[in-house]
A.B. asks: 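Okay, handing you the structure first.
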Amino acid sequence: MTLIRISFIFSLFFLLSSCNSFAQKKGYTNQIDSLIKFAEPKFNGVVLITQKGKKLYSKVHGFSNFETKKPLKSNTQFEIMSNSKQIAAVLILLEVERGKINLNSPIKKYLSELTQPWADSVTVHQLLNHSHGIIDLQKPLEFEPGTQFKYGNLNFSLLGKIVEFSTQKNYSEVADSLFKKLKMNHTFCYSKDKNQNLATGYYNAKNVLNSVNSSQINSENLGADGIISTAEDLAIWNNNLHKGKILKPESYKMMTTNTILSQHNFFGKEKEGYGYGIRIIEKDSIKYLGHTGLGDGFSSVNLYFPESDISFIVLENQMNEDSNLFYASAFKIKNILLKSNLFNKN
């Protein structure tokens, strides 16, 4: 009788634990579902959460093109804008591994066409972490290299040119070769003649959407903004990058080491660490790595939580005209996740 009672209590405990775990899991998925459905400003895009390479949550909501009412799909492509910088940083580090680039060398060594005096002092490392001081190719530096952080695109455009110098190939060829190797079959460098399944970008003005008819991306700034991808391909990227399948451990450590502080509203009001094309968030309740991207009517968020091996990716083919509403839904979903049972906070 005692054995039966113990067995019953154990079974009941297991059942209640399983139900509680299921309820918690359904809790965050239901919250995200509700947020996406009733978001203000309205949500139009893809949300993907994976763990150890497996999907935990996937949602596609809205239209790829509002004029034709073409629906978004899981393989719809988006301009990921500044999330492209992470890829440029990796391509540079691969050349470092080949002994072709020295991070501490002045950029003049690789870009001999630069005649500005600062080309002899600004280093590749300073381009990678936005501490270079360059504001315009024809103007003096804004500050002494290495002393301040100022986010921009010009430096990563120059890094793209350094990749081309080092490999003796055009940037698109180098990047696309890596994507093919990783089986990121829906990811490529932007070209106006190559749009495949690219969504139309929209500016959102009080929930009135106006399509963007031209792109700021060109052959000169591919390193800064030039990558087209999908949520599923970015999960593949994370799964390879953060698990040592692209870079050597010492290169990955350099990329994800806090070398300078910067502030970005999506990541909080305090300054956080910045590495090479990636932010290192250590002051939040859970440590993570990530970046955002914005432009051409597109918005992207790509976060990776190393302790739980979770990727969180949000791609939208709209951007709000009100800067206070940039990444509005992605920010709220991130907070839902941080409060969920997905992370071991002990």
A.B. asks: Only one of K243, K54, K52 clears salt bridge (Lys or Arg N to Asp or Glu O under 4.0 Å) with D309; which?
C.D. replies: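 Among K243, K54, K52, the one meeting salt bridge (Lys or Arg N to Asp or Glu O under 4.0 Å) with D309 is K243.
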A.B. asks: Parallel, tilted or perpendicular: which one describes the rings of F266 and H264, with boundaries at 30° and 60°?
C.D. replies: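 Because their plane-to-plane angle is over 60°, the rings of F266 and H264 count as perpendicular.
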A.B. asks: Whether the R279 and S262 side chains hold a donor-acceptor pair (N or O, under 3.5 Å, no angle test) is what I'd like checked.
C.D. replies: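 Present: a donor and an acceptor within the cut-off.
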A.B. asks: Within 45° of the six-membered ring axis of F43 and under 6.0 Å from that ring's centre, is NZ or CZ of K332 located there?
C.D. replies: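 Not flagged: K332 not positioned over aromatic ring of F43.
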A.B. asks: Should the pair D225-K85 be classified as a salt bridge under the 4.0 Å nitrogen-to-oxygen rule?
C.D. replies: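 Yes, this pair counts.
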A.B. asks: Determine yes or no for a side-chain-to-main-chain donor-acceptor pair under 3.5 angstrom, with S84 supplying the side chain and I227 the backbone.
C.D. replies: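 Yes; at least one donor-acceptor contact below 3.5 Å.
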A.B. asks: Evaluate the criterion salt bridge (Lys or Arg N to Asp or Glu O under 4.0 Å) for residue pair K283 and E270; output intermediate values, then yes/no.
C.D. replies: CA-CA 8 Å; K283 295 179 181 176; E270 293 187 64; 3.6 Å; yes
A.B. asks: How about S82 and Y151: does a side-chain donor come under 3.5 Å of a side-chain acceptor?
C.D. replies: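 The criterion, which ignores hydrogens and geometry beyond distance, is satisfied for Y151 and S82.
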A.B. asks: Report yes or no: do L325 and I333 belong to one cluster of Ile/Leu/Val/Met/Phe/Trp/Tyr joined by side chain heavy-atom distances under 4.5 Å?
C.D. replies: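 The answer is no; the residues belong to distinct hydrophobic clusters.
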A.B. asks: Partners of S58 by side-chain contact (heavy atoms from CB on, under 4.5 Å), sequence neighbours excluded?
C.D. replies: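 Listed in chain order: L48, K55.
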A.B. asks: Determine the interplanar angle of the F78 and F298 rings, folded into 0 to 90°, and report it as parallel if under 30°, tilted if 30 to 60°, perpendicular if over 60°.
C.D. replies: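 Because their plane-to-plane angle is over 60°, the rings of F78 and F298 count as perpendicular.
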A.B. asks: Can you confirm whether Y110 sits close enough to S166 that some side-chain heavy atom of one is under 4.5 Å from a side-chain heavy atom of the other?
C.D. replies: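 With C-beta onward as the side chain, the pair stays apart.
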A.B. asks: Measure across N302 and N83 and return the closest heavy-atom pair with its distance rounded to 0.1 Å.
C.D. replies: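 Closest heavy-atom pair between N302 and N83: CB-OD1, 3.7 Å.
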A.B. asks: Under 4.5 Å between side-chain heavy atoms, hopping through other hydrophobics if needed: is there a path connecting L91 to F179?
C.D. replies: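 Same hydrophobic cluster.
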A.B. asks: Consider only side-chain N and O atoms of N207 and E40, and report whether a donor and an acceptor are under 3.5 Å apart.
C.D. replies: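 A donor-acceptor contact under 3.5 Å links the two side chains.
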A.B. asks: Taking the side chain as everything from C-beta on, heavy atoms only, tell me whether Y252 gets closer than 4.5 Å to L241.
C.D. replies: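 SC-SC contact between Y252 and L241 confirmed.
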A.B. asks: Mind checking what makes ring-ring contact (aromatic ring centres under 6.0 Å, His included) contact with Y57, not counting sequence neighbours?
C.D. replies: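 Y57 satisfies ring-ring contact (aromatic ring centres under 6.0 Å, His included) with no residue once adjacent residues are dropped.
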A.B. asks: Would E250 and K253 pass as an ion pair if we require N to O under 4.0 Å?
C.D. replies: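 No, this pair does not count.
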A.B. asks: Side chains of Y203 and N320 only: does a donor on one sit below 3.5 Å from an acceptor on the other?
C.D. replies: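 On atom types as modelled, these side chains do not qualify, holding no pair under 3.5 Å.
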A.B. asks: Is there a donor-acceptor pair closer than 3.5 Å between any side-chain N or O of W118 and the backbone N or O of K139?
C.D. replies: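 Here the side-chain-to-backbone pair exists.
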A.B. asks: Does the structure place the NZ or CZ of K161 under 6.0 Å from the centre of the six-membered ring of Y171, at an angle of no more than 45° from the ring's axis?
C.D. replies: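 Here K161 fails the 6.0 Å and 45° test against Y171.
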A.B. asks: Could you check whether the rings of F343 and F305 sit parallel, tilted or perpendicular, using 30° and 60° as the cut-offs?
C.D. replies: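 Ring orientation, 0 to 90° scale: tilted.
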A.B. asks: Do the side chain of E95 and the main chain of F165 share a donor and acceptor less than 3.5 angstrom apart?
C.D. replies: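 Not a single qualifying donor-acceptor pair exists.
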A.B. asks: Please check if any side-chain donor atom of Q77 sits under 3.5 Å from a side-chain acceptor atom of N75, or the reverse.
C.D. replies: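 Q77 vs N75: no donor-acceptor pair found between side chains.
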A.B. asks: Does any N or O in the side chain of N258 come within less than 3.5 Å of the main-chain N or O of I260, such that one atom is a donor and the other an acceptor?
C.D. replies: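 Confirmed, N258 side chain pairs with I260 backbone.
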A.B. asks: For N221 and Q216, indicate whether the former's side chain and the latter's backbone hold a donor-acceptor pair under 3.5 Å.
C.D. replies: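 Side chain of N221 to backbone of Q216, a donor-acceptor pair under 3.5 Å: yes, one is there.
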A.B. asks: Taking atom CD of Q263 as the centre, report whether more than 12 heavy atoms of other residues, nucleotides or ligands fall under 6.0 Å from it.
C.D. replies: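 For Q263, atom CD is crowded (more than 12 foreign heavy atoms under 6.0 Å).
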